[in-house]
Amino acid sequence: MVELKTPPELEKMRTASGIVASTLALLREKIKPGVSTLELDRLAEAEIRRRGAQPAFLGYRGYPATLCVSINEEVVHGIPNAARLIVEGDVVSLDLGAVWEGFYGDAAITVAAGRIKPERTRLLEVTEAALYRALETVKSGIRIGDVSHAVEEFVASTGMGVVREFTGHGIGRHLHEEPSIPNFGKPGTGVVLKPGMTLAIEPMVCLGAAEVVVKDDGWTAVSADGSCAAHFEHTVAVTEDGCEILSSIQD
Ligand code: MF3
Ligand code: CO
């Protein structure tokens, strides 16, 4: 069952997602050589709490932090660590969730640390563009498979690989709700979108092959071939003729 949110519920999701977006905007400015991923996590948690919300990932299925920081060949779910310092040329994915009055917001960005190789710049551009292709597809009456296919086709046209092991998801009273939103699929299949559905859409793209493996820490997913990866995510609400991005920066 895909739950439709009422206008007051959407307002709470707007607040939760806005707090995520503002916190990501703050973190983006801190992505510099020498900064540890744990410092980023501490900052994220303090900012979310300062704004009156709670971290969504902390304790979720045992996840030990507020933020996921995934560097270079790490695709998603990198665990913050005091010993892991950002270095010039890294691409750093920041994935963050917050809860406000019982409703969740979830978003991710990938940021360059200093000067990066041109192919990495292209990876960031392609992954963010893949997210926007998906968002442009979303409106009442289309199906999840249409969104999934838009991402798959766009990424394939660039020669990069879209990750299949992880998906986007419905979001609301829970971090993960139905439907699941793969980044590949067949047009005209799957759940029909309706106004009031709230979705977290999150393409993950590798410069090389798209296969991922999870490291011994049980969380960090890395590309199997060691190629660099990027991740962008927004929480959106489906409307009659499109979608409202709930996790765009509001202040
Ligand atoms: N954006 C990711 C997701 O929706 C973040 C989950 S990290 C976890 O799956 F720690 F909460 F699992
Ligand atoms: Co998500």
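Order of appearance sets the numbers: ligands from 1, and atoms from 1 within every ligand.
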Check whether any side-chain heavy atom of [X] sits under 4.5 Å from a side-chain heavy atom of [Y], and report yes or no.
X	Y	result
Ser140	Leu193	no
Arg173	Lys5	no
Leu94	Val69	yes
Met13	Ile171	yes
Glu178	Val191	no
Val192	Arg143	yes

Has the side chain of [X] got a donor or acceptor atom that lies under 3.5 Å from a matching backbone atom of [Y]?
X	Y	result
Asp241	Lys139	no
Ser247	Thr235	yes
Asp106	Gly97	no
Asp146	Pro187	no

Looking only at heavy atoms, is any part of [X] under 4.0 Å from ligand 1, and if so is it the side chain, the backbone, or both, or is it neither?
X	result
Tyr63	side chain
Trp219	side chain
Leu175	side chain
Cys68	side chain
His169	side chain

Nearest to the Co ion (ligand 2) - the N/O/S atom of Glu233, by atom name: OE2

Vertex the Co ion (ligand 2), rays to OD2 in Asp106 and OE2 in Glu202 - rounded to 10°: 170°

Specify the protein heavy atom at minimum distance from [atom]: its residue, its atom name, and the distance to 0.1 Å.
atom	answer
atom 8 (C) of ligand 1	Tyr60 CD2, 3.9 Å
atom 2 (C) of ligand 1	Asp95 OD2, 3.0 Å
atom 9 (O) of ligand 1	His176 NE2, 2.9 Å
atom 6 (C) of ligand 1	His77 NE2, 3.8 Å

Sub-4.0 Å atoms of ligand 1 with respect to non-hydrogen atoms of Asp106: 1 (N), 3 (C), 4 (O)

Contacting atoms of ligand 1, where contact means under 4.0 angstrom from a heavy atom of Glu233: 1 (N)

Residue-ligand contact Arg61/ligand 1, heavy atom below 4.0 Å: no

Short N/O/S contact of His176 with the Co ion (ligand 2) (below 2.8 Å): no

His231 N/O to ligand 1 N/O under 3.5 Å: no

